[in-house]
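In what follows, every heavy atom counts, from backbone to side chain, and hydrogens, waters and symmetry copies are set aside. These figures come from a predicted structure and were not determined experimentally.
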Amino acid sequence: AAGVAHEVNNPVNFALNSLRTMRKLVNEIVETAGVLSAMDPSDPEKLGAQVRELETLSSGVPPEETAAELQELVGIVTEGLERTSRLVGNLRDVAGPAQGVRVPVDLRGGIESTLTLLRRSLDEAGVAVELRLPDEPLRVNADAGALNQVILNLVKNSAEAMEGHTGSIWIEGSRQDGYVSLVLRDDGPGVSQEARNRLFEPFFTTKVAGRGSGLGLAICQRIVTEHEGTIVLSSPPGEGATFTIRLPEEGAERSDGA
């Protein structure tokens, strides 16, 4: 939530600061427009006073500079609001349809949207993510929001496991025998045998107090199981952790006859 708030706050602040400057410039333009519209060529004396007032108004910043500044400010406001709109779109993608609603989805979109939301925290942690996904869609019949939550939890866990050290995460996808497989691998410290035996238990965590509830991986396993899939962890000593998710491909006839 803090990361999302920061991502929203920055572009909104850019837009607000620009709009405050724009308001000042627009007020000056409105004042100038008022003088121009009131000019009366039929009254030379009044016209002379109005011309002098107009000269006073334009004696500060030349009109062409005002126009250029307004164009620049409009660009800043537009960029800030577009960034905010993209973030809202990513949040919507991660949330997906209402809970329990399953529709055909391409896992690539969910992965990319989730990584966009995590970009700031990953950059701050010095963690690079490399996607190795096929060109063809990785389509499954799923609750998109729930699967995005799985991806988010796994990426966050890998990044937090490498805290204090730069590292990498690889996300690979493939299709075979009526199944879609996602493999998330990191080069972190890995998981001890003792922890591996309990890792998917609710409330079990290897994090320090206050850093984790121990629910993330339990929820991941529940979601994948509800989608008739499997999630497996392998963690050879000194070789990081690898999570493999296997889900039925949307509309495919699988070799196991299911």
Side-chain angles (χ1 to χ4, degrees), residues 1-39 53-99 101 103-133 135 137-139 143-153 155-156 159 168-169 171 173:
V4 171
H6 180 85
E7 290 291 336
V8 172
N9 194 50
N10 275 347
V12 168
N13 275 339
F14 294 155
L16 284 175
N17 289 334
S18 297
L19 284 170
R20 292 186 185 105
T21 304
M22 287 176 66
R23 177 184 293 172
K24 178 176 177 294
L25 294 175
V26 169
N27 286 341
E28 293 174 359
I29 292 172
V30 169
E31 188 177 358
T32 301
V35 174
L36 285 170
S37 63
M39 293 181 78
E53 184 180 0
L54 193 61
E55 290 174 345
T56 301
L57 288 173
S58 62
S59 62
V61 180
E64 59 272 17
E65 290 187 21
T66 299
E69 187 174 0
L70 278 173
Q71 283 185 318
E72 181 180 357
L73 291 170
V74 168
I76 293 172
V77 171
T78 302
E79 181 182 355
L81 295 181
E82 285 177 347
R83 282 177 56 186
T84 305
S85 178
R86 285 195 297 270
L87 180 62
V88 171
N90 288 327
L91 285 169
R92 184 177 59 247
D93 290 343
V94 169
Q99 188 172 2
V101 176
V103 296
V105 296
D106 182 1
L107 293 181
R108 176 191 293 273
I111 293 169
E112 292 175 345
S113 295
T114 301
L115 291 178
T116 299
L117 289 176
L118 292 172
R119 182 185 59 222
R120 175 173 169 265
S121 57
L122 291 172
D123 289 345
E124 289 179 349
V127 175
V129 179
E130 180 178 338
L131 290 182
R132 297 176 178 175
L133 303 177
D135 292 333
L138 298 172
R139 296 185 70 82
D143 177 341
L147 289 187
N148 290 343
Q149 184 179 353
V150 172
I151 297 163
L152 184 142
N153 281 338
V155 173
K156 280 181 80 277
S168 297
I169 298 172
I171 300 177

K.L.:
As a test of understanding, state which of Leu107, Leu152, Thr114 forms a side-chain contact (heavy atoms from CB on, under 4.5 Å) with Leu147.
P.N.:
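Of Leu107, Leu152, Thr114, side-chain contact (heavy atoms from CB on, under 4.5 Å) with Leu147 is met by Leu107 alone.
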K.L.:
Restricting to non-hydrogen atoms, name the atom on Arg20 and the atom on Asn17 that form the minimum distance, rounded to 0.1 Å.
P.N.:
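Arg20 and Asn17 have their closest heavy atoms at NH1-OD1, 2.8 Å.
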K.L.:
Salt bridge or not between Arg83 and Glu79? Use side-chain N to carboxylate O under 4.0 Å.
P.N.:
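Glu79 and Arg83: not salt-bridged.
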K.L.:
Distance check, rounded to the nearest 0.5 Å: Ile29 atom CD1 versus Lys24 atom NZ?
P.N.:
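NZ of Lys24 is found 11.0 Å from CD1 of Ile29.
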K.L.:
Is it true that a side-chain atom of Ser85 and a backbone atom of Leu81 form a donor plus acceptor pair closer than 3.5 Å?
P.N.:
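Looks like no, no N/O pair under 3.5 Å.
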K.L.:
To the nearest 0.5 angstrom, please state how far the CD1 atom of Ile111 sits from the CG atom of Leu133.
P.N.:
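Output value for this atom pair is 5.0 Å.
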K.L.:
Tell me the closest heavy-atom pair linking Asn148 and Gly110, and the distance in Å.
P.N.:
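Scanning both residues completely, I find the closest heavy atoms to be OD1-CA, 3.2 Å.
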K.L.:
Is a side-chain donor or acceptor of Ser121 paired with a backbone partner of Leu118 at a separation under 3.5 angstrom?
P.N.:
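Present.
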K.L.:
For Gly173 versus Leu138, what's the shortest heavy-atom pair and its separation?
P.N.:
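Gly173 and Leu138 have their closest heavy atoms at CA-CD1, 4.1 Å.
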K.L.:
Could you tell me whether the side chain of Asp106 and the main chain of Arg139 form a donor-acceptor pair under 3.5 Å?
P.N.:
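Between the backbone of Arg139 and the side chain of Asp106 there is no qualifying donor-acceptor contact (under 3.5 Å).
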K.L.:
What heavy-atom pair brings Gly80 and Pro11 nearest, and what distance separates the two atoms?
P.N.:
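Closest heavy-atom pair between Gly80 and Pro11: O-CB, 3.2 Å.
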K.L.:
Nearest 0.5 Å please: distance from the CZ atom of Arg23 over to the CG atom of Leu25.
P.N.:
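One finds 12.0 Å between CZ of Arg23 and CG of Leu25.
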K.L.:
For residues Leu122 and Ala159, report the shortest heavy-atom separation together with the two atoms involved.
P.N.:
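It is CD2-CB, 3.7 Å.
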